[in-house]
Amino acid sequence: MTLVAGVDIGSTTAKCILLEDGAIVGKSLAPVGVELVKDAERALEKALGEAGRERREVQAVTGTGYGRFKVTFGQYTLTEIGCHAKGAHYLFPGTRVVLDIGGQDTKAIKVSDRGEVVDFAMNDKCAAGTGRFLDVCAGALGFDVSEIGSLSLGARHPVKVTNTCTVFAESEVSAYVARGKDPKDIVAGLYASVVSRSLSLMQRVGVEPELTFTGGVSRNEGVVRTLRQRLNLSVNVSPLSQYVGAIGAALHGLERAGSPPP
Amino acid sequence: MESTSAKAPSFLSTAREQQRSMVEEYYAGLAQAGGAKRPVAYMLVGGNLTEIVRSFGYEVVFPEIVALNCAIKHVSLPNILHAESQGYGLDVCGYVKNDLGLQDLGGETPFGRIPPPDLLVCSFSGCYVYVKWWEALAEKYGCPLFMLDVPYMRDPEPQAEDRTYLIAQLKEFITLLERTTGRSFDLGELRRVLARSRRAEEGWVEYLDSGRGRPSPIEAYFEAVFYMFPINVLRGTEVAAEFYATVNAEVKERVRTGQYPVPEEKVRLVVEGVPPYPSYRTFWDFFRKWGAVSVAATYPKVGGLFDRGFLHDPGRPLESIADYSLGAYVNQSWPLRRKLIADYVKDFQADAVLIHGIKSCRSFTAGQGDLRDWLIHDLHVPTLYLESDHEDPRYFAPAQIKNRMDAFFESLGPRREPLVPPPGAP
Amino acid sequence: MITAGLDLGAGSTKGVLLEDGERILASALAPTRGNPVERSRQVLERMVEEANVLSDEVGYLCTTGAARYALPERHLQVSDITASARGAVFLVPGTRHVVDIGSQSSRAVSVSETGRVIRFKMNEKCAAGAGRFVDRCAKYLQVPPEEMADRALGSTHPKMISSVCAVLAETEIINSVAEEVPLPDILMGVFLSLAQRAYILMRYVGIQPEVSLVGGLVHSPAMSRALEQMVKAPIVAHPMGQYAAAFGAALLGHARMQKLSSSPLPMGTPGG
Amino acid sequence: MVQLAREVVLDPTYPTVRAWTRRGRRAVGCFPVYTPQELVHAMGLLPVSLHGGGENVEISHADAALGSFLCSISKSTLELALTARLAPFRAFIFPYICDVSRNLEGIFSRLMPGTETHMLHLPQNFRSEATVPFLVAEYRRLIAKLERAGGEPYRPERLEASVRLFNLQRERIGELTATKRDEPDKLTLTESYLLRRLGGLLPREVHVELLDRMRSQIEDRPPRRKDAIRTLLVGPFCEQPTLDLIDLIEQAGCYIVDDELLQVHRWYGQLEVEGDPLVSLARAYVQSPVDIGVRAAPSSKGEAILRRVNDARAQGVIFLTAKFCEPALEDVVLYRKALDRQKIPYLHLEFEERSTSFEQSRLQLETFVESILFD
Ligand SMILES: Nc1ncnc2c1ncn2[C@@H]1O[C@H](COP(=O)(O)OP(=O)(O)O)[C@@H](O)[C@H]1O
Ligand SMILES: Nc1ncnc2c1ncn2[C@@H]1O[C@H](COP(=O)(O)OP(=O)(O)O)[C@@H](O)[C@H]1O
Ligand code: SF4
Ligand code: SF4
Ligand code: SF4
């Protein structure tokens with residue numbers, strides 16, 4: 001019996017997953033603040049609470065995400081690129097390409113049949129097309145980002161959102177609002193823009209089935225739908241998609257737990 | 001796994017000292033130069049005409065080198081901001097902005113004052129920005145500008161018409177120099193300068209070639225950059241000709257004593273692209289943590305692909321200068337650049353390629369994405385592409401860069417079986 | 001003659017009523033919240049009430065700001081750069097250089113004695129250079145927006161933000177917090193970074209005293225302090241500076257009305 | 001007519017070229033700013049000007065090869081190539097106007113197997129005795145490539161005939177630009193632009209005929225005097241602004257009395273062939289007075305801009321530069337210094353092919369106009 005934890009400290013949210021003998025027994029998710037070490041602690045405690053387990057039972061903790069070095073109580077670190085590959089492979093073993101859209105960046109990862117990273121590409125220019133972009137634009141429309149998922153359904157004339165800058169895209173959205181555009185069409189335009197950017201990123205590693213979509217933005221059904229339409233492919237999305245990085249981290253700990261920490 | 005023993009890099013101590021004092025002397029000398037007795041020529045690294053200009057007694061300033069020195073010393077940003085306030089946009093080459101900003105602010109640097117030019121020599125060899133940059137200097141200083149138009153290299157060897165064109169221009173250049181200095185051209189002197197250049201070049205090539213060793217006794221990117229100064233700036237002088245003997249002796253010493261720049265060599269890299277000078281140390285640290293050493297790099301060849309067979313030849317003075325100008329690294333077409341990099345991977349037994357793109361340099365960078373694609377998909381060489389700037393500290397996002405680098409080295413981990421050498425270049 | 005100037009800004013809608021192009025009768029402000037037309041009508045109504053005049057006494061209505069074309073009942077619209085330059089000179093006579101920092105953009109304008117624009121430059125690329133950025137930092141750092149400036153002024157070693165990107169800049173700020181940089185230093189760093197960007201624009205158009213700061217950032221003494229540090233000269237921040245564009249619009253409206261009453265030309269709008 | 005031109009120009013699949021190649025003819029894509037299109041024509045090929053993708057092309061493949069910090073025309077041209085929209089072309093010529101165009105050729109040569117690509121080294125030393133002979137040799141390299149792409153063997157008399165045809169086209173285009181200078185209210189910038197742009201998309205004979213027909217139509221238009229500012233438009237010599245942006249400039253209250261759009265047709269006036277036509281062609285390039293960002297300045301940049309303002313009797317200058325286009329960006333600084341000295345108003349705007357919202361541009365254009373009109 002091995003209990004391991006993966007803690008993913010992202011740019012916007014902290015996620016934790018507890019794995020026992022390869023099965024998920026606890027999880028937690030909370031926004032990150034400015035005290036990342038505490039956020040990491042809290043994430044683990046919350047997941048332990050959910051699983052009804054004790055801290056001392058955990059055999060390995062792996063940190064990932066931008067704040068992976070803030071998981072000071074952990075034994076291992078692995079970049080979220082490696083973790084998303086592992087996590088996606090765990091949930092969908094046939095995965096060859098992972099698209100991860102998180103709060104601050106977008107990654108396309110090509111994975112081997114063993115869940116190892118073969119190649120990856122990340123957005124190089126600013127935060128355009130990431131979760132932050134959607135958060136800010138949703139705000140400009142007067143919604144929370146979790147509310148706009150199904151909003152694009154009835155869109156008939158999606159607007160063009162061309163601004164490369166997250167911050168200026170916000171004013172582009174405001175300008176459409178001022179011109180009385182239907183929010184449906186605006187949101188549809190936003191999704192098209194996010195998807196188009198991620199397609200261009202995926203081109204760099206090569207699109208091939210199976211594709212697994214991970215990261216917080218994969219919880220947005222509108223983006224998922226738009227992506228499926230554009231690719232004309234089925235796209236794996238797990239209900240745990242935002243946790244994929246943390247799952248991968250936990251798996252990494254599991255692999256390593258046999259060998260003594262360096 | 002990240003190795004925890006990231007010690008400070010071990011430098012070639014004597015050579016490093018010598019190099020440092022050469023740089024100091026050079027700048028100290030410059031601060032005194034200018035005027036009729038020791039006129040100053042501004043020149044560009046790619047395809048430069050150092051030897052000819054030196055044979056006429058000019059002091060030579062390379063604004064690109066001044067710019068990178070400013071960036072390493074963390075003083076480029078004020079110059080860049082000044083240039084931006086003049087209207088140079090965010091996307092203009094950082095070297096240009098550093099130089100034009102610095103010129104406008106009076107030329108003071110931590111290593112001495114840079115004198116204004118008496119002559120501008122534009123070797124249009126592989127970078128169009130050169131033309132624009134020198135136009136701006138000419139407009140500011142009103143001094144003579146000579147435009148050496150260097151045909152772009154699309155064939156592996158220079159064509160007859162390229163040479164004819166260049167030699168004709170070189171002769172016109174010499175006439176201009178005779179007119180402006182009032183001295184007549186001294187072929188004997190040019191030959192002597194060229195012979196000194198050649199000696200430096202031979203030593204430099206020996207140094208670069210030692211990267212073939214396993215483990216590599218040199219760091220062919222981060223460390224080599226220090227030793228580029230003499231080959232680029234002081235070529236044709238006696239000190240430069242002597243210098244590489246010291247360097248190479250110390251490299252041999254390293255091999256003898258087993259003191260390698262990266263103690264535990266885990267990954268051998270070929271590096272393409274200009275370094276992020278403002279964050280040079282940070283960047284290097286990221287590598288050393290993973291036991292990565294560069295064994296060959298394209299950037300130290302911007303001043304000439306000496307390691308690929310070309311050397312200045314005092315017996316064919318103008319012909320060899322013409323060939324030199326044609327051979328600047330950025331003057332090579334993409335097919336030639338691709339082949340060169342593939343050759344380095346094979347010849348130096350590299351495991352992977354790192355490409356560092358420069359946001360404000362299109363000459364080097366436009367097409368590096370395609371290069372990455374070719375290396376990964378056609379040659380199956382793991383390749384990492386990173387992007388920041390060579391001058392502008394605002395473009396270096398350490399967390400993001402580290403993230404990518406870590407992910408890349410992590411992914412190399414499980415596949416560290418000996419790499420199949422790339423199946424020949426196209 | 002009463003003219004109204006309405007500034008339909010991206011962040012807030014501002015209005016003033018002027019009598020004979022001189023006397024301020026009323027002013028009002030409301031957050032735009034994505035509905036500039038309705039907001040500007042409310043602002044106008046409030047001013048008419050405050051000034052205690054009849055709405056048809058307002059002879060001329062001139063709009064400016066991002067949504068200047070949105071209000072159908074306007075007589076004239078002018079760009080907010082033209083307007084805020086004019087308004088700055090009205091508020092602070094002697095002004096020859098205007099720095100306008102609004103919610104989404106910063107501009108530097110050199111102006112003639114009469115407030116005519118001579119040269120201007122606005123930030124185009126990155127949005128880290130305007131008020132919205134300050135607002136976001138406030139939210140991130142959990143400091144009430146109105147306290148930002150006061151807290152910043154307590155700084156001894158301001159921590160500049162180097163990133164050119166508003167989004168990456170936020171990450172940088174978070175890192176500073178994690179590194180336990182004192183809050184005032186981070187806050188002042190935000191203002192100084194803004195000032196540094198503005199300073200580049202200002203030098204582009206040429207700086208000449210007197211320099212006036214207008215736009216919403218006049219409410220932040222830290223902003224003018226930061227600018228003064230860059231420019232090394234006093235910066236005037238008129239307390240009504242956020243209304244500068246509205247004043248300018250009212251003034252230009254007044255000028256146009258006078259011209260119309262003296263010439264038989266049909267009413268036309270330049271650039272309309 | 002103008003409506004038709006608009007449709008042709010907005011269609012990124014090159015309908016006119018497809019129609020031509022369906023008849024078994026061969027087309028050659030010429031990247032801006034300058035290529036010797038008469039030479040292509042003389043070899044029995046259709047020279048077609050490439051102008052990027054405009055606002056309708058989504059970039060999803062090209063970014064990977066090129067990186068983000070590049071002008072749109074380079075990206076969209078590659079995108080069109082990678083998505084088979086340049087299928088009718090047998091060869092591509094990229095002139096060395098800048099590092100981007102030059103490198104793009106290297107990328108095309110790998111990614112577009114089955115076509116010929118050529119990087120044409122355009123000389124930048126305009127003073128050397130050796131420049132014209134070099135350029136002639138350079139043209140011969142191009143000829144060899146074009147022969148491989150299915151061109152007929154080069155014959156001097158064919159080139160002479162092509163030069164005569166292109167002279168006619170240049171004359172017609174010269175008339176259009178003269179009208180815009182002398183009677184700017186007779187046709188809008190958009191019209192003038194569209195009519196000129198067709199010149200790179202149609203067989204030249206057809207274009208000449210078309211402009212012949214338009215000439216009287218334009219002459220007969222009633223004048224529409226309007227209180228607009230005579231403005232010189234500098235900068236968009238390579239990447240082209242979208243039609244909406246071109247419209248916007250004049251809507252905001254400017255008359256563009258001279259511009260740098262579509263330089264390829266205006267590199268020289270009437271080309272006299274004396275002796276070897278290839279030498280004449282090379283000499284015309286070298287001696288051209290054209291003074292734009294992609295050509296080393298024959299004289300001081302500052303003086304050049306003042307001369308051009310004067311020649312166009314312009315009241316102000318708008319710099320409209322493509323984002324990331326260094327040749328254009330760097331000149332603006334030198335130009336503005338000279339304009340500042342003479343107190344000539346100017347405005348600098350940047351554009352991208354794909355942007356569709358022009359709020360910022362509109363604001364600045366209006367301010368620019370107001371700053372001149374209002375006292
Ligand atoms: N319920 C939801 N519906 C739609 N989008 C969501 C939801 N929850 C989170 N997101 C999106 O996910 C992003 C955060 O993704 P995440 O992968 O956690 O980022 P990071 O790892 O960088 O913190 C947010 O910016 C938001 O746009
Ligand atoms: N009372 C205040 N205290 C501090 N800052 C303020 C205050 N009011 C406005 N601001 C700042 O000014 C900005 C809005 O400026 P404003 O000129 O009204 O913008 P716009 O014209 O674009 O709507 C806000 O983003 C905020 O940063
Ligand atoms: S090669 Fe790049 S870095 Fe060097 S001058 Fe040219 S643009 Fe600048
Ligand atoms: S354009 Fe916007 S999102 Fe992109 S780097 Fe600039 S501020 Fe950041
Ligand atoms: S737009 Fe500018 S940078 Fe781009 S290809 Fe044309 S000249 Fe070169």
Is it the side chain or the backbone of [X] that comes within 4.5 Å of chain D heavy atoms, both, or neither?
{"X": "Val131(B)", "result": "side chain"}
{"X": "Arg154(B)", "result": "side chain"}
{"X": "Glu139(B)", "result": "side chain"}
{"X": "Tyr152(B)", "result": "both"}
{"X": "Ile167(B)", "result": "neither"}
{"X": "Cys122(B)", "result": "neither"}

Which of [options] touches chain D most, by non-hydrogen pairs under 4.5 Å:
{"options": "Ser360(B), Gly126(B), Ala83(B)", "answer": "Gly126(B)"}
{"options": "Phe146(B), Trp134(B), Trp133(B), Trp334(B)", "answer": "Trp334(B)"}
{"options": "Ala168(B), Gly87(B), Gly142(B), Ser363(B)", "answer": "Ser363(B)"}
{"options": "Lys140(B), Gln159(B), Met147(B), Gln368(B)", "answer": "Met147(B)"}
{"options": "Ser333(B), Ala136(B), Cys127(B)", "answer": "Cys127(B)"}

Legend entry - Check: Tyr96(D) ring centre within less than 6.0 Å of Phe31(D) ring centre: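 That pair fails the under 6.0 Å test.
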Inset, instruction - Determine, using ring centers only, whether His390(B) and Tyr95(B) are less than 6.0 Å apart. - result: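 Yes, ring centres under 6.0 Å apart.
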Could you check if a side-chain atom of [X] sits within less than 4.5 angstrom of a side-chain atom of [Y], using non-hydrogen atoms only?
{"X": "Pro278(B)", "Y": "Tyr395(B)", "value": "no"}
{"X": "His118(D)", "Y": "Phe108(D)", "value": "no"}
{"X": "Leu305(B)", "Y": "Leu340(B)", "value": "yes"}
{"X": "Pro276(B)", "Y": "His356(B)", "value": "yes"}

I'd like to verify something: which residue of [options] has the highest number of heavy-atom pairs under 4.5 Å with chain B?
{"options": "Lys301(D), Arg102(D), Glu129(D), Arg127(D)", "result": "Arg102(D)"}
{"options": "Ser74(D), Ser128(D), Pro133(D)", "result": "Ser128(D)"}
{"options": "Leu78(D), Thr131(D), Leu122(D), Leu66(D)", "result": "Thr131(D)"}
{"options": "Leu329(D), Asn103(D), Ile107(D)", "result": "Asn103(D)"}

Inset, instruction - Please state whether the side chain, the backbone, both or neither of Ala64(D) comes within less than 4.5 Å of a heavy atom of chain B. - result: backbone
Below 4.0 angstrom, N of the basic side chain to O of the carboxylate: do [X] and [Y] qualify?
{"X": "Arg308(D)", "Y": "Glu260(D)", "result": "yes"}
{"X": "Lys323(D)", "Y": "Glu352(D)", "result": "yes"}
{"X": "Asp91(B)", "Y": "Lys97(B)", "result": "no"}
{"X": "Arg338(B)", "Y": "Asp343(B)", "result": "no"}
{"X": "Asp331(D)", "Y": "Arg295(D)", "result": "no"}
{"X": "Glu161(B)", "Y": "Arg141(D)", "result": "yes"}
{"X": "Glu326(D)", "Y": "Arg362(B)", "result": "yes"}
{"X": "Glu84(B)", "Y": "Arg394(B)", "result": "yes"}

Gap between atom [atom2] of [Y] and atom [atom1] of [X] - 0.5 Å precision:
{"X": "Glu64(B)", "Y": "Asn48(B)", "atom1": "CD", "atom2": "CG", "result": "9.0 Å"}
{"X": "Tyr299(B)", "Y": "Ile358(B)", "atom1": "OH", "atom2": "CD1", "result": "8.5 Å"}
{"X": "Ile401(B)", "Y": "Ser388(B)", "atom1": "CD1", "atom2": "OG", "result": "4.5 Å"}

Inset, instruction - Could you tell me which residues in residues 169-180 of chain B have at least one non-hydrogen atom under 4.5 Å from a non-hydrogen atom of chain D, sorted by residue number? - result: Gln169(B), Glu172(B)
Legend entry - chain B contact residues among residues 335-344 of chain D, heavy-atom distance under 4.5 Å: Arg336(D), Lys337(D)
